[in-house]
Amino acid sequence: MAMGKYSRVDGRKSSNYCSTISMVAFVALCLVGVWMFMSSSVVPGQSSVVPASQESATSQGKQSTVENTKGFEDSSGDMPEGSSKEGESTENTNTGNQSDLQDDDKVTETQTETDSNPAGEENQVEKSQEDGDGKKEDENSGEAGSNTDSEEKENASGEKSESDEGEKTTTDSSENKNDSETEGGSGEKSELDEGEKSTEEGENKDVSETEGNSSESNEGSQGKDKAVEVFPAGAQSELLNETSTQNGAWSTQAAESQKEKSSQSPSDVKQDGQAWKVCNTTAGPDYIPCLDNWKAIRKLSSTKHYEHRERHCPDEAPTCLVPVPEGYKQSIKWPKSRDKIWYYNVPHTKLAEVKGHQNWVKVSGEYLTFPGGGTQFKHGALHYIDFIQESLPDIAWGKRTRVILDVGCGVASFGGYLFERDVLAMSFAPKDEHEAQVQFALERGIPATLAVMGTKRLPFPGYVFDVVHCARCRVPWHIEGGKLLLELNRVLRPGGYFVWSATPVYQKLEEDVGIWEEMTKLTKAMCWELVVIKKDTLNGVGAAIYRKPMSNECYNQRTKNEPPLCKESDDPNAAWNVPLEACMHKVPEDESLRGSNWPEQWPKRLENPPYWLKSQVGVYGKPGQEDFAADYKHWKNVVSQSYLNGMGINWSSVRNVMDMRAVYGGFAAALKDLQVWVMNVVPIDSPDTLPIIYERGLFGMYHDWCQSFNTYPRTFDVLHADHLLSVVKKRCSLVGLVAEVDRILRPGGKLIVRDNVETITEVESLAKSMNWDIRMIYSKEGEGLLCVQKTMWRPKEAELITSAIM
């Protein structure tokens, strides 16, 4: 029988034949061993516990799928079914495991983008298919037998599908699943934090390297599995639909690795040729270019009207980087920051010395603490806030009254506690002898800006604030024909209230009595109604509350035209560098005009288009209300599908946000459920939509981005620039604007840029030159998205700014 024949052991069988059989068996075992070793190194997820080093070396591809894929809106038909399910199974795990901002600094989100194919590749679809369907065959041409053996052994062991494409997809899925389980079980850092480990392994490439060599990278085959952001043409198109890289996007890139960052050249000259230097100024870490221009201030002929506190911008925006205070730490999170901040972040004690007895601020070890008091509310802002509403219930904090202006805010405790009543306060004060008061406010996470009531209009449109508040704000309202009070009349909404809590209201000193008499004459001539005067017995102060008229009846009945009505040609919304005039604008009475009716109560006013948009065409060409609704829907999708989950931003550590080019305020409105506030900036060369932003219960200001913003350094956590930079660079230096962004952002803060590909590339290069982390970059059809994170890096060489030396 065959069995007996094969089993003969008669001593006459050839020894060479036996040796051949033994060799074949040995080789087969070796191949099995090699294959098992390679499989275990590719699929760490098969182990229930993944070592940190192994996990970091293999997590780059999986993070690309997890962190970025689910950052974007689903688009049925674009995304393979299996890939979508993978993202869905991992999204919650990732977002739930995010650490605080200090840990968040270690996240290098761009590793999520490196693993896909390089940007700008015309043949992306072909490469993705080649990587998935036949990459191994291309690389090992002539070795089909080995591949066949591997496939047979793989199928025999029950591990994977026949194709390499199937192997890669399954690997990504199993890696994501097991990594989430490992992190959950071991209590280690979130998957985002593990990204830094991958970076340290050197797997991330520089942009130029990635573009040239990613076709050689094994990670390239993951492109088919990764969902990315789509950017159709059109300013108002839905920019964040989920799709796969086979739809033609240029791939994403990695941030510089930790190794690259630590080995930066001492000459401070980066790979793009940009040489950064530290600003050497008198103000040091607190440098504000347009407020610290001592060269211009010294030339002023007069400072009687606080001209020296107004903006005097240098001819060219500085391109140096402001130093960081020694001992600076990541800011304390809101709401704890309302009560205390790190001393070394704002190392100023003068206010504590002169205002400590009024509970403004105190020094307590390594902290500056804020008991919540003020000159007019030593026993706390909340009591004072309630006192105002008890004095006039029609104020209705958080319902009728949503957006207020706080003049001479101090450290802004009034505005800080108004958050508990669902009220937004635009607090402002000058950069004066009250050292760093606005800086304290912003470090605490309270909205504030630097401004002065001097010779120019405030940078706000007309008829936008529901209430204007002044508590011992030290402004001489009654002088020079009431010019300064008339500026408040311009920005106060018809029917709005002016709350004046000052010594002339409740003290009988000769000076106070004189001021009260002058204010009484002025307010009557302005047709303001004195609604109530009430005294707060606990704090020993009083408040007078006035109401602006809602019609022109009183104006028309005046026997004297004093203060005079403004000319018909005088636009109340014109506010950028417009000189103050002692005149009043008529109240809009036409039902189709803004200001003729009070907005809906909060929060309805946030989502519903203003009534007066019916008669207007929107910014994007649609009827006004339709345009508004489309913009809001768009930004809700962008924020929910991308920004909250797809960029690795730990929003629980975010408090101060700026939209550098707000249109209708849709971005800010979409963040309404988070514990953040958004400064909506409308550039002076953009459509004037700032009144709409106020109408919906948000706030903002006008600005020219060729100049520095009126804020202290290191005051915002997130800056958002939607198609801004490509416009600004036509008028002024992009380098100067990027330096300004660096000045405004806190270390660890994020810049999100949406713009054309050319601008995205320039900003990415400049960000790298400042040693920022490239968290995410993506582009398609000429439109791009970039998210970068500021680091603590500062150049070694200094640049003397002669205009900023006292």
Taking atom CZ of Arg696 and atom CH2 of Trp602, what is their separation to the nearest 0.5 Å?
8.5 Å

Which pairs, with at least one residue in residues 663-711 and sequence neighbours excluded, count as a disulfide bond (SG atoms under 2.5 Å apart)?
Cys706-Cys732

Just grab all the disulfide bond (SG atoms under 2.5 Å apart) pairs involving residues 566-646, residues at least two apart or on different chains.
Cys566-Cys583

Does either side chain, that of Thr455 or that of Tyr306, offer a donor lying less than 3.5 Å from an acceptor on the other one?
no

Looking just at side-chain N and O atoms, do Ser726 and Glu758 make a donor-acceptor pair shorter than 3.5 Å?
no

Kindly indicate whether the side chain of Ile692, heavy atoms from C-beta on, has any atom under 4.5 Å from the side chain of Pro610.
yes

Would you say Lys399 has more than 12 foreign heavy atoms packed within less than 6.0 Å of its NZ?
no

So for atom CD, which belongs to Glu316, do other residues, nucleotides or ligands contribute more than 12 heavy atoms lying within a distance under 6.0 Å?
no

Is there a donor in the side chain of Asn756 and an acceptor in the side chain of Glu783, or the other way round, less than 3.5 Å apart?
no

Checking Leu671 against Trp651 for the side-chain contact (heavy atoms from CB on, under 4.5 Å) test, could you report, in this order, the C-alpha distance in whole Å, the side-chain angles of both residues, the deciding distance, and whether it holds?
CA-CA 10 Å; Leu671 295 174; Trp651 287 91; 4.3 Å; yes

Looking at Leu725, is its backbone amide N or carbonyl O close enough to the side chain of Asp755 to form a donor-acceptor pair, meaning the two atoms are under 3.5 Å apart?
yes

By ring-ring contact (aromatic ring centres under 6.0 Å, His included) - contacts of Trp612 (at least two apart):
none

Under the salt bridge (Lys or Arg N to Asp or Glu O under 4.0 Å) test, which residues partner Glu420, sequence neighbours left out?
Arg338

Is the cationic atom of Arg655 (NZ for Lys, CZ for Arg) positioned less than 6.0 Å from the six-membered ring centroid of Phe419 and within 45 degrees of its normal?
yes

For Pro563 and Met526, which heavy atoms make the closest approach, and how far apart are they?
CG-CG, 4.1 Å

So among Leu458, Val681, Asn577, Val682, which one has a side chain to side chain contact (heavy atoms under 4.5 Å, CB included) with Tyr702?
Val682

Euclidean distance, Leu418 CG relative to Ile404 CD1, rounded to 0.5 Å
5.0 Å

Looking at side-chain heavy atoms only, is the closest gap between Trp477 and Leu488 below 4.5 Å?
yes

Give a yes or no on whether the backbone of Pro623 and the side-chain of Asp627 come within a donor-acceptor separation of less than 3.5 Å.
no

Checking side chain to side chain contact (heavy atoms under 4.5 Å, CB included) against Trp772, which of Val738, Leu745, Leu766 comes through?
Leu745

What is the minimum heavy-atom distance between Asn573 and Pro461, and which atoms define it?
OD1-CB, 3.6 Å

If we ignore hydrogens and angles and just use 3.5 Å, is the side chain of Ser708 paired with the main-chain N or O of Ile288 as donor and acceptor?
no

Quick check against the 3.5 Å criterion: does Lys548 have a side-chain atom that pairs as donor or acceptor with the backbone of Leu492?
yes

Please work out whether the ring planes of Phe428 and Phe460 are parallel, tilted or perpendicular, with thresholds of 30° and 60°.
tilted

For Gly481 and Leu522, which heavy atoms make the closest approach, and how far apart are they?
O-CD1, 4.1 Å

Asp406 side chain to Gly415 main-chain N or O, any donor-acceptor pair under 3.5 Å?
no

Partner residues of Gln707 under the side chain to side chain donor-acceptor pair (under 3.5 Å) criterion, sequence neighbours left out
Arg311

Under the criterion side-chain contact (heavy atoms from CB on, under 4.5 Å), I'd like the reasoning laid out for Arg714 against Glu443: C-alpha separation, chi angles, the key distance, then a yes or no.
CA-CA 8 Å; Arg714 303 170 302 280; Glu443 183 68 17; 5.8 Å; no

Is the distance between the ring centroids of Trp677 and Phe716 less than 6.0 Å?
yes

Asp590: which residues meet the side-chain contact (heavy atoms from CB on, under 4.5 Å) condition with it, sequence neighbours left out?
Ser592, Leu593

Side-chain (Lys790) to main-chain (Asp742) donor-acceptor, under 3.5 angstrom
yes

Rounded to the nearest 0.5 Å, how far apart are CG of Leu565 and CG of Asp570?
11.0 Å

Checking the side chain of Asn293 only, and the main-chain atoms of His312 only, is there a donor and an acceptor separated by less than 3.5 Å?
yes

Taking all heavy atoms of Met660 and all of Ala721, pick out the closest pair and write down the distance.
SD-CB, 4.1 Å

Residue set satisfying ring-ring contact (aromatic ring centres under 6.0 Å, His included) with Tyr694, at least two apart, ordered chain then number -> Phe465

Pairs satisfying salt bridge (Lys or Arg N to Asp or Glu O under 4.0 Å), at least one member in residues 472-488, at least two apart
Glu433-Arg474, Glu487-Arg490

Between Arg444 and Ser413, is there a side-chain donor-acceptor contact under 3.5 Å, judged purely by atom types and distance?
yes

Worked verdict on His723 versus Val727 for side-chain contact (heavy atoms from CB on, under 4.5 Å):
CA-CA 7 Å; His723 290 84; Val727 176; 5.9 Å; no

Listed by chain and number, what are the ring-ring contact (aromatic ring centres under 6.0 Å, His included) partners of Phe709, not counting sequence neighbours?
His703, Trp705

What's the spacing between His305 NE2 and Leu300 CG if we round to 0.5 Å?
13.0 Å

Between Tyr287 and Pro713 the two heavy atoms that sit nearest each other are O-CG, 3.4 Å

Closer than 3.5 angstrom, by distance alone: can the side chain of Ser642 be matched with the main-chain N or O of Val639 as a donor-acceptor pair?
no

Those residues that, when tested against Trp528, pass side chain to side chain donor-acceptor pair (under 3.5 Å) (two or more places apart):
Asn489

Would you say Arg402's side chain and Asp422's backbone share a donor-acceptor pair under 3.5 angstrom?
yes

Arg605: side chain to side chain donor-acceptor pair (under 3.5 Å) partners, not counting sequence neighbours:
Asp466

Do Trp397 side-chain atoms and Ile385 backbone N/O form a donor-acceptor pair below 3.5 Å?
yes

What verdict does the side-chain contact (heavy atoms from CB on, under 4.5 Å) test give for Arg400 and Asp394, after you've listed the backbone C-alpha separation in whole Å, the side-chain angles of each residue and the deciding distance to 0.1 Å?
CA-CA 8 Å; Arg400 184 185 190 272; Asp394 193 45; 3.9 Å; yes

Kindly compute the distance separating CD (Gln389) from OH (Tyr384), expressed to the nearest 0.5 Å.
13.5 Å

Supply the atom-to-atom distance Ser501 OG to Ile388 CD1, rounded to the nearest 0.5 angstrom.
7.0 Å

Tyr643 and His720 aromatic centres sub-6.0 Å
yes

Those residues that, when tested against Ser337, pass side chain to side chain donor-acceptor pair (under 3.5 Å) (two or more places apart)
none

Ring centres under 6.0 angstrom apart (Tyr664, Tyr632):
no

